[in-house]
Peer 1: 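One structure coming up, written as structure tokens, with questions to follow.
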Number of protein chains: 2
Amino acid sequence: MSNSEKPTRKVTSFDVARRAGVSRAAVSRTFTPNASVSPETRDKVVKAAKELGYRVNYLARGLINQRSDFVGIVAAGMDNPFRAMQIEQITKNLVRRNFRPILLPADHGESADHVMDQLLHYNVSGVLVTSDAPPTALCAEFAAAGVPIVLINKADSIPAVDRVVSDNDTAGRLAAATLIETGARHLAVMSAAAISYTARRRQQAFLACCHSLEADVRVIPVKINDYANGFAAAAMLDGVDGVFCINDYMACGLVDGLRRRGIAIPDDVRIVGHDDVPQASWAGYDLTTLRQPCDLQAEQAIDLLLSRMDNPETAERVEVTPVSLVRRSTA
Amino acid sequence: MSNSEKPTRKVTSFDVARRAGVSRAAVSRTFTPNASVSPETRDKVVKAAKELGYRVNYLARGLINQRSDFVGIVAAGMDNPFRAMQIEQITKNLVRRNFRPILLPADHGESADHVMDQLLHYNVSGVLVTSDAPPTALCAEFAAAGVPIVLINKADSIPAVDRVVSDNDTAGRLAAATLIETGARHLAVMSAAAISYTARRRQQAFLACCHSLEADVRVIPVKINDYANGFAAAAMLDGVDGVFCINDYMACGLVDGLRRRGIAIPDDVRIVGHDDVPQASWAGYDLTTLRQPCDLQAEQAIDLLLSRMDNPETAERVEVTPVSLVRRSTA
DNA sequence: TCCGATATTGCACACGTGTACAGTTCCACG
DNA sequence: CGTGGAACTGTACACGTGTGCAATATCGGA
């Protein structure tokens with residue numbers, strides 16, 4: 001209908017004010033919660049805004065408010081299906097709470113620092129980190145800028161940085177107990193402990209529990225906790241009849257590797273994974289595993305973020321995500 | 001070392017200017033590419049900036065430049081592993097080009113509109129959409145605001161909206177040819193054609209090719225193109241010995257469902273999937289499938305975004321992502 | 001020495017918004 | 001009718017930055 005209106009300047013609150021016959025402040029107040037505007041002027045403003053297609057410029061608002069609606073998510077290893085679940089839950093939760101998630105992949109080594117450095121340019125309200133833990137110096141810069149950081153399943157204590165960790169101790173204990181209970185006598189744990197805090201922690205808990213039960217245990221080292229390494233590790237299981245895989249991603253590989261070699265699951269080898277990835281419940285795997293409720297974990301992490309936004313001076317907190325055993329057919 | 005410096009005001013270009021003994025404009029020019037600053041003042045500014053921990057406020061910069069570094073990604077169905085790959089490639093590509101991806105999940109019906117509406121508040125440089133196509137009215141608003149939109153694998157033509165679509169025609173043809181070539185005589189295609197443009201298109205191409213070859217074909221309707229529906233559909237294959245699954249996600253379900261019923265693959269039933277998801281190459285599936293190179297697809301989509309940013313007035317373009325057959329053991 | 005051209009600098013304005021402050025209106029109550 | 005207070009409105013400033021314009025400094029050549 002309307003002709004081509006080339007010089008479509010961005011419509012501002014000033015335009016709306018003029019059209020509604022009020023001051024620009026009235027427009028601002030109309031779109032600011034808990035501001036004082038009479039119903040009549042509000043109506044006039046809303047009407048004019050709708051006619052003009054006006055939207056508040058959140059960048060300008062963030063400038064004046066000293067805080068934006070952005071939350072950074074720093075993630076690595078997105079090939080792991082668990083990471084996909086995690087990111088989905090986190091982003092949905094953030095959007096539900098009216099934040100905008102800005103997602104930064106940080107795979108190759110030092111890029112995590114670089115990428116987080118970028119975030120300091122945007123007045124983000126907070127940062128969630130699921131990749132390697134950022135260096136302490138950088139964390140200090142965020143703290144100085146008043147930007148809370150929450151680490152998910154990562155690393156040891158850093159000053160002024162909150163953390164959410166899944167209950168790795170219980171996980172290790174449950175894994176050992178389940179394997180033994182289902183008949184395993186020669187246990188093993190598979191993990192690239194050097195890489196990840198989580199892997200290291202679960203491995204330790206598993207070993208500790210096995211030792212306390214005086215069970216026979218070995219460590220099967222892998223380079224990375226992924227499918228390929230799990231598959232390859234099937235060749236290194238002589239004399240083992242029960243394996244705890246640090247995550248399901250790797251466990252799927254192990255299952256396929258064992259089948260390829262004609263080894264029966266769970267009769268010859270029992271397997272317990274971790275995470276309860278979607279593939280774990282696929283009929284092809286039907287993996288006994290430890291469920292890590294990443295919807296709850298996302299909730300916890302974002303709660304921590306908000307509470308530190310409100311009072312930044314509190315001591316760092318650690319929230320533990322509960323773990324529960326999901327019994328399926330591999331153990 | 002330094003004492004607790006509570007009133008840590010955000011450090012601005014003004015602070016840097018004072019410390020370096022220059023004007024604020026000099027600071028701005030130092031951090032603006034292709035600006036005119038002498039090497040000496042630049043050095044002074046850089047030194048002062050480092051000492052103070054100064055970072056350019058990109059929100060303010062975006063305000064003055066009328067454009068931010070943000071690119072919106074609207075995605076649905078993140079449980080599908082292909083979506084995870086897609087998002088990983090897109091975000092990595094964007095970050096490499098110095099954009100910040102803001103990821104908005106849009107699963108439940110109308111929320112895509114709502115979520116995209118939010119983006120108009122942020123002066124985003126562009127939007128990539130992999131969920132359902134946004135309504136035409138909304139697209140017009142983006143066009144008016146000068147914000148390019150690129151649809152990935154979605155919907156039909158919308159004015160001023162560029163698209164990237166994978167080569168669905170070739171996919172359907174290759175699938176049919178491969179199934180027949182490997183001995184199938186009674187074909188079927190599985191897809192929730194009502195839901196998705198891509199599914200509809202691939203199905204059509206497959207049927208057309210079968211008809212032209214005078215092969216026996218059926219359509220097996222499902223509600224959603226996911227694992228569970230693929231698994232359940234294994235019960236509906238009487239007399240079928242070759243199936244084209246619209247995506248690998250569903251194909252994995254079908255494979256597991258058939259195995260459960262004792263049906264041999266590929267001897268009794270041949271299967272061709274689509275996407276070449278990571279699971280397709282897992283030993284447990286070893287799926288013959290059509291590879292859709294989503295790294296290339298991301299590149300194409302972002303190229304379209306950039307080229308429309310430069311000249312917004314051009315007619316809408318459609319880029320086709322090539323598809324290639326990956327022969328594995330299911331066909 | 002003088003002059004024109006070039007490189008560099010600072011001033012001042014603009015981007016679009018939130019809100020303190022003072023001023024105005026209006027109403028209820030004495 | 002007078003008055004106090006509540007509700008509302010507009011003015012003016014602030015947020016942190018990029019850049020046009022004019023002014024100044026520098027330099028090479030005649």
Side-chain angles (χ1 to χ4, degrees), chain A residues 7-46 48-49 52-70 120-125 145-147, chain B residues 7-46 48-49 52-70 120-125 145-147:
Chain A
T8 315
R9 298 287 307 124
K10 197 83 175 139
V11 31
T12 92
S13 60
F14 187 74
D15 303 327
V16 178
R18 187 170 39 200
R19 175 156 193 137
V22 298
S23 80
R24 201 188 54 74
V27 178
S28 175
R29 287 193 252 261
T30 297
F31 295 105
T32 304
N34 309 326
S36 167
V37 209
S38 76
E40 304 91 52
T41 50
R42 155 166 276 126
D43 286 349
K44 282 192 289 187
V45 168
V46 168
L52 265 53
Y54 169 73
R55 331 237 168 186
V56 178
N57 184 331
Y58 286 168
L59 298 185
R61 175 181 282 182
L63 193 55
I64 194 85
N65 286 343
Q66 306 273 46
R67 175 159 293 177
S68 72
D69 295 338
F70 295 110
L120 280 174
H121 293 261
Y122 291 98
N123 270 29
V124 294
S125 309
V147 179
Chain B
T8 315
R9 300 286 306 125
K10 196 83 175 138
V11 32
T12 91
S13 59
F14 187 74
D15 304 327
V16 178
R18 187 169 39 198
R19 176 155 193 137
V22 298
S23 80
R24 199 188 56 71
V27 179
S28 175
R29 288 193 249 260
T30 296
F31 295 105
T32 304
N34 309 328
S36 166
V37 209
S38 75
E40 304 91 52
T41 49
R42 154 165 279 127
D43 288 348
K44 283 192 290 186
V45 168
V46 168
L52 266 53
Y54 168 74
R55 333 237 166 186
V56 179
N57 185 331
Y58 285 169
L59 299 186
R61 174 181 283 183
L63 192 55
I64 194 86
N65 285 344
Q66 306 273 48
R67 174 161 293 178
S68 72
D69 296 336
F70 295 111
L120 279 174
H121 292 261
Y122 291 97
N123 270 30
V124 293
S125 308
V147 179

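What you see is a predicted model; the values in this text were computed from it and never measured. To find a chain, count down the sequence lines: A is the first, B the second, and so on, and within it residues start at 1.
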Peer 1: Rounded off to whole Å, could you give me the CZ-to-P distance for the F14(B) and dG16(D) pair?
Peer 2: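 That distance rounds to 12 Å.
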
Peer 1: Looking at A26(A) and V37(A), what are the two nearest heavy atoms and their distance?
Peer 2: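 Answer, listing the atom of A26(A) first, then V37(A): O-CG1, 4.5 Å.
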
Peer 1: Just how far, in rounded Å, is P of dG18(D) from CD1 of I64(B)?
Peer 2: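 These atoms are roughly 8 Å apart.
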
Peer 1: Would one find a side-chain N or O of S13(B) under 4.0 angstrom from OP1 or OP2 of dT17(D)?
Peer 2: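 Yes.
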
Peer 1: Can you measure Y58(B) atom OH to dG18(D) atom P for me and round it to whole angstrom units?
Peer 2: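 Result: 9 Å.
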
Peer 1: Can you tell me how far OG1 of T12(A) sits from CG of L52(A), rounded to the nearest 0.5 angstrom?
Peer 2: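 Nearest 0.5 Å value for the CG-OG1 distance: 9.5 Å.
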
Peer 1: If the helix axis at each end comes from five base pairs, how far does the helix from dT1(C)-dA30(D) to dG30(C)-dC1(D) deviate from straight, to 10°?
Peer 2: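 Its terminal axes enclose an angle near 40°.
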
Peer 1: So, do T41(A) and T30(A) sit near enough that their side-chain heavy atoms are less than 4.5 Å apart?
Peer 2: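 No, their side chains stay 4.5 Å or more apart.
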
Peer 1: Determine the minimum heavy-atom distance between A48(B) and A20(B), stating which atoms define it.
Peer 2: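 The pair with the smallest heavy-atom distance is CB-CB, 3.9 Å.
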
Peer 1: Give, for atom CG of D69(A) and atom CG of L59(A), the distance between the pair rounded to the nearest 0.5 Å.
Peer 2: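 Output value for this atom pair is 10.0 Å.
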
Peer 1: Looking at dG16(C), I'd like to know if its phosphate oxygens (OP1 or OP2) sit under 4.0 Å from a side-chain N or O belonging to Y122(B).
Peer 2: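 No, outside the criterion.
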
Peer 1: Specify the separation, in whole Å, of atom CD of Q66(A) and atom P of dT17(C).
Peer 2: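 So the two atoms are 17 Å apart, to the nearest Å.
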
Peer 1: For DNA chain C, which residues in residues 16-24 of chain A have a heavy atom at a distance below 4.0 Å?
Peer 2: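 Listed by number, they are R24(A).
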
Peer 1: Categorize R67(A) for me: base, sugar-phosphate, or nothing, with a 4.0 angstrom heavy-atom threshold over every strand shown.
Peer 2: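 If one applies the 4.0 Å heavy-atom cut-off, R67(A) turns out to touch nothing in the nucleic acid.
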
Peer 1: Taking the side chain of V56(B) as its heavy atoms from C-beta onward, which of dG18(D), dG16(C), dT19(D) lies nearest to it?
Peer 2: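 Taking heavy atoms from C-beta onward, the closest nucleotide is dG18(D).
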
Peer 1: Should K10(B) and N123(A) count as side-chain neighbours, where that means a heavy-atom distance under 4.5 Å?
Peer 2: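 When only atoms from C-beta onward are counted, N123(A) and K10(B) do touch, with a gap below 4.5 Å.
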
Peer 1: Would you mind reporting whether R19(A) and Y54(A) have side-chain heavy atoms less than 4.5 Å apart?
Peer 2: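 Y54(A) does not reach R19(A) side chain to side chain.
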
Peer 1: Would you call N57(B) and L63(A) a side-chain contact if the rule is heavy atoms closer than 4.5 Å?
Peer 2: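 The answer is yes; the side chains approach within 4.5 Å.
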
Peer 1: Atom CG of D69(A) and atom P of dT17(C): how far apart are they, to the nearest Å?
Peer 2: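 Answer to the nearest Å: 14 Å.
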
Peer 1: Measure from CG on N57(A) to P on dC15(D) and round the result to the nearest Å.
Peer 2: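 After rounding, the reported distance stands at 18 Å.
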
Peer 1: Can you give me the closest heavy-atom contact between V27(A) and V45(A), atom names plus distance?
Peer 2: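 Scanning both residues, the minimum pair turns out to be CA-CG1, 4.0 Å.
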
Peer 1: In residues 27-46 of chain B, which ones come under 4.0 Å of DNA chain D, going by heavy atoms?
Peer 2: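 Heavy-atom contacts with DNA chain D come from S28(B), R29(B), T32(B).
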
Peer 1: Please report the distance, rounded to the nearest Å, between CG in L59(B) and C1' in dT17(D).
Peer 2: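 Roughly 11 Å, once rounded to whole Å.
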
Peer 1: Y122(B) vs Y58(A) aromatic rings, parallel, tilted or perpendicular, using cut-offs 30° and 60°?
Peer 2: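 Judged by the thresholds at 30° and 60°, the geometry between Y122(B) and Y58(A) is perpendicular.
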
Peer 1: Rounded to the nearest Å, what distance is computed from the CG atom of residue L63(A) to the C1' atom of nucleotide dC13(D)?
Peer 2: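 One finds 14 Å between C1' of dC13(D) and CG of L63(A), rounded.
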
Peer 1: Which value, rounded to the nearest 0.5 Å, describes the distance between R29(A) atom CZ and S13(A) atom OG?
Peer 2: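 These two atoms lie 12.0 Å from each other.
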
